[in-house]
Each structure stands twice: as C-alpha cells, then as structure tokens.
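The structure appears right after this line, and notes come after that.
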2 protein chains.
Amino acid sequence: MGVNLKDIAQRAGVSLATVSNVVNGYRPVGERTRQRVQQAIDELGYSPNLGARHLRRGRTGLIALAVPELTNPYFAELAEIAIAEAAALGYTLVMENTAADREAELALLDGSRQRIIDGLILSPVRIGREEVLARTAGSPLVLIGEGVYDVPHDHIAIDNVAASHAAIRHLVAIGRRRIAFIGATPGGDRQSAHLRVRGYREALAAAGLPYRPRLVAGTDAFGRLDGMRAMRDLLALGDPPDAVFGYNDMVAIGALRALAEADHRVPEDVAVVGIDDIEEGRFTAPTLTTIAPDKREIGRLAVRRLIARIEGAEVAGPLTVQTPFRLLRRESTGTPDA
Amino acid sequence: MGVNLKDIAQRAGVSLATVSNVVNGYRPVGERTRQRVQQAIDELGYSPNLGARHLRRGRTGLIALAVPELTNPYFAELAEIAIAEAAALGYTLVMENTAADREAELALLDGSRQRIIDGLILSPVRIGREEVLARTAGSPLVLIGEGVYDVPHDHIAIDNVAASHAAIRHLVAIGRRRIAFIGATPGGDRQSAHLRVRGYREALAAAGLPYRPRLVAGTDAFGRLDGMRAMRDLLALGDPPDAVFGYNDMVAIGALRALAEADHRVPEDVAVVGIDDIEEGRFTAPTLTTIAPDKREIGRLAVRRLIARIEGAEVAGPLTVQTPFRLLRRESTGTPDA
DNA sequence: GCGCGGCTCTATAACGTTATACAGGTGATG
DNA sequence: CATCACCTGTATAACGTTATAGAGCCGCGC
C-alpha cells in the first residue's frame, strides 16, 4: 500500500541499503547521494513501516500504561503526564484498561500483547506476588501503586500507611474524635486499601482514640457511588462519625454527596478527606481536602525507568521508590491552605 | 526472545506451515496432528508475534481512538465503551491524546503512526475540512464529534444545534428569561462551540427572548476552571443571568462552583445545564441537569463502522450519523426526573 | 492397472526493514 | 610498485509470519 524503501531506492537510483542508511544514519552516506535519496523521500512521501522495523529490530517504540479504570481521573491525569514524558524520550505510550479484571491483568502480564510493546507500566489490583513472579514475558515491567512487593521489578508508589497517618493527624488536629474510614475491602485483595486502613488504625492509636470497627465501611468498588452508599450507612448509625477519610477522592466525593442529601454540614458536622488530588475535588462544594501524591513524579519516573530498562541501561537492581505526597487542606476540613 | 512457530514445529515434529494452520485455521489439519501441535503450543507457551503477522497480513488488529483530552470524563467514558466493543470484535483499541494540539492531530491524520494501526477514530478540534481532505494515509478514518463536514469519511455526532434547543427550551419552561451561555470561542475554531451557540440563539428567538451578547461568555478552553472564571464574570454584570447553559458538563460544574462561592442558590437564583452526562454531574451539589448523548451508541457505532471499513465491507458511501440524546433533569434546574 | 480427485502435510516465497559481509575505488604509506 | 587503510556503496541474510504451489498417499471408478 504505502511507499517503501524499494520505491525510494529505484527513484534515487541507489540500493536499498543506502536508503536505509540515509533514513536512520546507521552508516555514513556521501553528501550527493544523501541529497538524491532525501529528495526521493520527500517526493514520494515515504515513512518507514513500523511493523517491519519492529520485526527486524525487535523494538516497536511502544510502551503501555495499564490502569484499572480509565474513568478514574487520577489515572487520566497520570496518563497525560506519562504520555508527555514518553513522547519526550521518543516513545509512544498507549493506554490499556484492565477494568480491574484479573484475567485482563494476567493477559497483559505475559500475554500476547507483550509481543508488540517494548515494556509495560502496570497498576495491578487483582494479582499478587505469585502471578508476577510466574510471568514469562521478557519485556520490562514497572509496577505503580500498591499491591505487589518483593518482586524483581521496579515499583513506584506512595507510602500508603504514612499517607493515612497524615490524613488522620489532620482530622485529629481539627478536633475530630469519631473518624470513619470508607473503602475498606473486607475480604478483598486491593492491597492499598489494607495499607490505608492500617495507617488509619495506627494513627488513631497514636492519638489515643479507640478503634471502632463499625466506623470502617467496606465497599465493593472505589467509585463515587460506593462512597455515597457507605456514607449513608454510616449516617444511619446511632452515633455517626464527625469525620470520614475516604480510600480515594472519588469515594470521598460520593460521601460529600450523601452528606449534602442528608443535610449534614461539611465540615461543621462531618469533615471529609480523600486521597489523589483529582481536579474535581477543587470544584466540589465544599472543596475537598486531600492527600496529593506527586503524580508528575510518579508518571515521569515510571516512564523513565521503564525506558532505561528497555534500552538495557544497567540500573542497579529492581528499585522500589516511594514518591512524596502532601496534605492539601481545603474547605471539607474547614481550614483551607493559603 | 519469545517462542516462535519454528520452535513449535520442531517440538511437534511437523512443518512450520502446519503449525500456522493450527493457529489460525487457514487450512484444515488432521485431528492427530492438531493435537500434537496444540500440546506443543501449550507446553512452550507460544503466542504469535504480532509484528511479523502484521508485516505478512498487512493488518495489526490495532485501532486507535484519539481524543483532545484524556482527563475529560466524557472521553474516558466513551473510551471504555469503545475498548469493550473493539475487544468483542477481536481488535485492540489504544488511546491517543492529541491534547487539543493541531500538530498532534495532523500527525495522527497521516503521520507515521498510521503504519502501525489499522484505523483511526478521531475527535478533531483544531483541524478542518481541508486538512482532512489533504490526508494521504490509506487507512480508514472515522470522525466523532463536531468539526469537520463534507469529507469522505464516516462521521458520528449528536445534533448540537438540536441539543442546545432542548436545553434552552427546558430553561425557558421553568421560567428563566436571562439565559447565559458559557464556552463560546469568539475567534476559536471549535466547531461544536459555534453550533451550540447557534442553537442557543435560535432557541432564544423561538421563545421570544432577546439575544444579549453580554450573556455569551467566551472561554480559552473547556474545563472546570474556565467555567468558573466565566461564571464569576457573568455574576459581576449589573444584571446577572437567572440561568446558564454550559458548553459541556465540566464548564457547567465550574459555573456551579463559582455560584456556590458567591452564595447564589442553584437553582433558585440561577439554574444550570450542561452537556455530556459525565458521572461527576450526578454527585455535585446540586446535581447537574444535562443533555446526555448516547455514549454507548457513539462508541459502539464508531468502532463497528471503522472495523467494517478495515475489513473491506462495502458499506454504502461515507455515512454521517446523528446519534440521539436526552435531557436529564436534575437538581440544578429544580425539577429532577423520577 | 492406471488415472484422478481428495485429503494432509511440506517447502518456500514473500512482507519491509536492518545489519553484516563484501566489492570497488581512492589516496597514503612502506 | 605493492600494500594497506579507508570510504561509499551494494548484495544479501535474517526477523516470524502467512499464502501459494505442490508433494505424497489413499481409495475409487474405468
């Protein structure tokens, strides 16, 4: 269909190999020949067939970012950063949606797709250490977010326990005593949920507050609807909480909605904190206090490290990086930052 | 690196071609041989090299969906639908982010990427008819959303003018008279903005209401921040509006925020309507009345039509499809649906 | 007994690219 | 003058797959 090297070679009256050398500069070409070839390329509008190049070189220049939900703004924001970083390094990043599905994660991990991408950045939620260790595909893998430890791959995440500490400390500092958590998964396998609950419990203990199991609400998933339902249940308790900490911003925003519907004032009656710092939280009424991971750092680091591995750089062993986070005080805890 | 056809052939003691036939069923294979081959495949964990298959077949099984902003939930929701539909038809859909950048749209239109994907679904915002006509790439193209007409490609969109009519009629029906529009682009090139403004003006005229240019607020982009700023400006007018219609839900949500900050009641003082029906609008306080395009229909239709073209189906001429939409009444106009 | 069609399977030529080995020519060096 | 190094350019073998042509075998009908 398209114009290929042979067409150019004929047009310019040189060999195939010479055209290839002009295109990718693997070997020097005389100035006059180069110009003739270049002219032919311009005239015929040649662009290399990436499939064939891939076949020959063993690289596609494609990397993938696989996330559990495209519709979670956290991942969309992360993706935009990662795409830009990949482009700056000469790679194309494609998005994959695992839909939080175990089969999809496994397929990505060592499945057929691997054959067309040079490397994978994966945010796993349904698979664990064993599955990652069992992987056979040879291409580099970088894990982001929580869920899998002690595997021979780079891993980038925030310290979830510490993040919870920061959120709870803030709520305690503004005088809250009955602090709920929304987004635990009782029998679930989302590792980050367990870690965030752990941080929540530790921080309560450190503040000398009792741990009340009834204030820890489980959810099926981690969307706004889940947060709203859980908050309704909490409000139905005889003695409702005076603050809630959500597994993420979407859950927290769902909680805000339930509170508004029940005519509870935020933050006067109930203070709310989330995690992720999605843009949406800056426009809710009230605006949402949140733990803000450094998305730029996570996105850029994941891409850079993956590409370093692809290009065979001898980065010392698999590295686990904990990226920084900040507490952003907004209206939902009554004490907005400057 | 990976296991290939030759490895399987050796292991099973058959020829390369036979393995290929077992894998893709191009020609019948005897039952006993098939089993031996299948066993070898399972044991060695073979999966075909997509690059090589592409080179040979001329197809990759990859299609792309290019949108102006990954972080706009409308596109994220659309993408999830399209990904599922593509998967059901045996294709893999990858997301591309044009970042509303003209160069990015052009590069996608007939650039090098085309060589690795079988077809493209594009939501153009910075390019027009000429650019699309000038495209040289041979792979099928489906356009979604507004912006380009009279080109030899399938085009799927809602009727923006009619959508505006519906929104304005609703606002008029609940007694509003000073209706503003947020998200016009005065000198801009976003076609859908022009169309939505046109529908707004026509509907005002049909209702016997005057057109007041000061109530039409331009924005640089179409995010929450833009909506918030524009709303602030409108409120600063001597005679502020009693209703606003946003270019999309994100703009409308920004307007909601500005109204909350200024202590205006919604919908009592100002009613608000958006377009897109993003999930976020079901959780704002108040919930957002919106024009809901049939995202499922748009996403599925775009994918199905693209794949039909790729597979050479003789679909009659390029087709322009207008997909249906509905008005969803929620709290921001005071009259929630059942 | 021989030709013929049908059924399995095999050998092999592409697809478009890049890397390797090599050929021809030129100028410098021993 | 022969040798060597060097510089340009060429021919060609991969990469892993699929489609085509054809080889071998069996049974059937004349």
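Quick note on labels: first sequence line is chain A, next is B, and so on, each numbered from 1. Note that the structure is a prediction, hence the values are computed from the model and not measured. The basis for the numbers below is simple: all heavy atoms, side chains too, and nothing from hydrogens, waters or symmetry mates.
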Report yes if at least one side-chain N or O of A/T18 is closer than 4.0 Å to OP1 or OP2 of D/dT10; otherwise report no.
-> yes
To the nearest angstrom, the NE2-C1' distance between A/H54 and D/dT17 comes to 12 Å
Between atom CG in A/L55 and atom P in D/dA14, what is the gap in whole Å?
-> 14 Å
What N/O pairs connect the protein and nucleotides 18-28 of chain D at under 3.5 Å? Give each pair on its own line.
from   : atom 1 : to    : atom 2 : distance (Å)
D/dT18 : OP1    : B/N24 : ND2    : 3.1
D/dT18 : OP1    : B/R53 : NE     : 2.9
D/dT18 : OP1    : B/R53 : NH2    : 3.1
D/dT18 : OP2    : B/S20 : OG     : 3.0
D/dT18 : O2     : B/R56 : NH1    : 2.2
D/dT20 : OP2    : B/Y26 : OH     : 3.0
D/dG22 : O6     : B/R27 : NH2    : 3.0

Taken to the nearest whole Å, CD1/A/I8 to C1'/C/dT17 is 14 Å
Evaluate side-chain contact (heavy atoms from CB on, under 4.5 Å) for A/L122 paired with A/I127, printing each intermediate quantity in order.
-> CA-CA 11 Å; A/L122 174 67; A/I127 57 174; 4.2 Å; yes
From A/R57 CZ over to A/L50 CG, what is the distance, rounded to the nearest 0.5 angstrom?
-> 9.0 Å
Starting at atom CG of B/D7, determine the distance to atom P of D/dC15, rounded to an integer number of angstrom.
-> 11 Å
Electrostatic pair B/R126:B/D101 at N-O distance under 4.0 angstrom | no
The residue, B/P28 or B/A52, whose nearest nucleotide of DNA chain C is more 5′ is B/P28
Is it true that a side-chain atom of A/E85 and a backbone atom of A/R304 form a donor plus acceptor pair closer than 3.5 Å?
-> no
Any side-chain N or O of B/N49 under 4.0 Å from OP1/OP2 of D/dG16?
-> no
Could you pull out all residues at least two apart from A/N97 that satisfy side-chain hydrogen bond (donor to acceptor under 3.5 Å, both in side chains)?
-> none
Could you tell me whether A/R102 and A/E131 make a salt bridge, using a distance below 4.0 angstrom between a side-chain N and a carboxylate O?
-> yes
